[in-house]
Protein chains: 2
Amino acid sequence: MFSKACEYGIRAMIYIAQRSRQGERVGLKDIAQGIDSPEAFMAKIMQALSRQGLVQSVKGPHGGFYMDTQASKITLAQVVRAIDGDHLFTGCGLGLTECNEKKPCPIHDEFKLIRNKIRSLLETTQVGEFNELLEKGVLHLKRI
Amino acid sequence: MFSKACEYGIRAMIYIAQRSRQGERVGLKDIAQGIDSPEAFMAKIMQALSRQGLVQSVKGPHGGFYMDTQASKITLAQVVRAIDGDHLFTGCGLGLTECNEKKPCPIHDEFKLIRNKIRSLLETTQVGEFNELLEKGVLHLKRI
DNA sequence: AATAAAAAAGACAAAAATATCCTTTATTCA
DNA sequence: TGAATAAAGGATATTTTTGTCTTTTTTATT
């Protein structure tokens, strides 16, 4: 469904949202360990998210990544688009480059419904909305 | 969503179902051209589908692939499982290896709903059910 | 029996995704 | 100012996916 990069990216954004209230910073090492992802690969993903303004970063001692308050309203859809593009929301389920009402693939309509559900879920879910449940240990972000 | 191999595989199965009523055979070249897929790669995919019994094949002159009547009831889910495995139906949306009710990822419940919709769609759709609409030119299987 | 047709199988190639390593730049602190 | 810290960037490595090419096997036809 998502690429590995995107899975890591989503988990990282949720993790940072929870760990960086009031502008505290979360280091790369902390993130990688916190969501159980390969550190160097995570670095590349964070660079991309940072370049696209989905997360802020500060270099140097006590540096790291953080989000300001309104950034915790960033949706999972924004994260997915930033990393995987919007193919998931728009592409044909069977890989046709030109699949539409005029020239549909066999599962065009049904897949449109499902894609819309996915998009709707991702667009209505914010990276910051899991903070409390994560803190309580009800939700998890580590691979195992 | 699906791998390229799986997209080609689904389209090929639908194509063969339509082209091979009463046991006529459809050649590899015909399939590759009919769904606009790379022929040699298609060959590999057909080999896999054939090994797993989702399609029959005959070598030699006038050989090719075909399905008997009940095979056109094969579901898209069977094809997906044969090529991509059942990760799509069972895996965690955020890539956690151990994601369940006891230890859920943040979007566990919502993704379960979506996965179930996908599974349900694929399990209730048969490769042979598009024959008429394909013949009428209402539905399409070619990339462009 | 010889030839041709067509899938099966095996080896290889290219591209993309995933992952690592090393150097550079910015920042803080002593 | 100098040393340490941490992200940014660049180069490279590995793995997986996608794709191609060649040989082998099976079958039909002449």
Side-chain angles (χ1 to χ4, degrees), chain A residues 1-12 16 19-20 23-67 80 83-85 87-88 94-95 97 143, chain B residues 1-12 16 19-20 23-67 80 83-85 87-88 91 95 97 143:
Chain A
M1 184 87 81
F2 305 126
S3 67
K4 281 282 162 205
C6 193
E7 290 176 357
Y8 295 148
I10 294 173
R11 277 152 60 199
I16 297 166
R19 292 290 303 272
S20 84
E24 306 137 47
R25 290 148 193 180
V26 195
L28 177 62
K29 201 159 303 185
D30 186 345
I31 296 169
Q33 198 245 52
I35 71 168
D36 185 25
S37 67
E39 190 178 323
F41 190 37
M42 195 71 245
K44 293 300 177 194
I45 299 161
M46 291 312 302
Q47 281 167 34
L49 292 172
S50 169
R51 266 196 304 273
Q52 303 194 50
L54 293 190
V55 72
Q56 309 314 120
S57 78
V58 176
K59 289 182 179 183
H62 303 280
F65 299 89
Y66 68 96
M67 292 176 195
V80 171
I83 299 175
D84 280 352
H87 179 78
L88 175 62
L94 297 186
T97 50
R143 249 176 310 193
Chain B
M1 187 87 78
F2 305 125
S3 68
K4 280 286 162 203
C6 193
E7 290 176 356
Y8 295 147
I10 294 173
R11 278 152 60 201
I16 296 166
R19 291 291 303 274
S20 83
E24 306 136 49
R25 290 148 193 181
V26 196
L28 177 63
K29 201 159 302 182
D30 185 346
I31 296 169
Q33 197 242 55
I35 69 168
D36 185 26
S37 67
E39 190 178 323
F41 190 36
M42 195 70 247
K44 290 302 178 195
I45 299 161
M46 291 313 302
Q47 280 167 36
L49 292 172
S50 169
R51 263 196 305 271
Q52 304 195 48
L54 293 190
V55 72
Q56 310 312 121
S57 78
V58 176
K59 290 182 178 182
H62 304 279
F65 300 89
Y66 67 98
M67 291 175 195
V80 171
I83 300 176
D84 280 352
H87 180 78
L88 174 63
T97 49
R143 247 175 313 193

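So you know, we letter chains A, B, ... as the sequences are listed, proteins then strands, and number each from 1.
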Taking for S50(B) and for F41(A) the nucleotide of DNA chain C with the nearest heavy atom, the one nearer the 5' end belongs to S50(B)

For the pair R11(B) (side chain) and L94(A) (backbone), establish whether a donor and an acceptor sit closer than 3.5 Å, ignoring hydrogens and angles. yes

d([atom1], [X]; [atom2], [N]) in whole Å:
X	N	atom1	atom2	result
D30(A)	dA6(D)	CG	P	11 Å
I45(A)	dA7(D)	CD1	C1'	15 Å
K4(A)	dT14(D)	NZ	C1'	16 Å
M42(B)	dA7(C)	CE	P	12 Å
Y66(B)	dA7(C)	OH	C1'	13 Å
R25(B)	dT27(D)	CZ	P	11 Å
H87(A)	dA17(C)	NE2	C1'	15 Å
H62(A)	dA26(C)	NE2	C1'	15 Å

Got E39(A) and I31(A) here, is their nearest side-chain heavy-atom distance under 4.5 Å? no

Side chain to side chain, V58(A) and F65(A), heavy atoms closer than 4.5 Å: no

Of the non-hydrogen atoms in F2(B) and D84(B), which two are nearest, and what is the gap between them? CA-OD2, 3.7 Å

Taking OP1 and OP2 of dA9(C), is either one under 4.0 Å from a side-chain nitrogen or oxygen of R51(B)? yes

Closer than 4.0 Å, any side-chain N/O of Y8(A) to the OP1 or OP2 of dA19(C)? yes

Identify which nucleotide among [options] has an atom closest to any side-chain atom of [X], counting heavy atoms from C-beta outward.
X	options	answer
P38(A)	dT18(D), dT18(C), dA19(C)	dA19(C)
K44(B)	dA7(C), dA7(D), dG10(C)	dG10(C)
L28(A)	dC29(C), dG9(D), dA7(D)	dA7(D)
P61(B)	dA7(D), dA5(C), dA8(C)	dA5(C)
K59(B)	dG19(D), dT20(C), dA7(C)	dA7(C)

At 4.0 Å (heavy atoms only), tell me whether K29(A) reaches a base, stays on the sugar-phosphate, or touches nothing. nothing

Between V58(B) and F2(B), which residue's closest nucleotide on DNA chain D lies nearer the 5′ terminus? F2(B)

Per nearest nucleotide of DNA chain D, the residue lying toward the 5' end, S3(B) or G60(B), is S3(B)

Does Q47(B) get its side chain close enough to the base of dA9(C), under 3.5 Å, for a donor-acceptor pair? yes

From V80(B), I45(B), L88(B), residue fulfilling side chain to side chain contact (heavy atoms under 4.5 Å, CB included) relative to C6(B): V80(B)

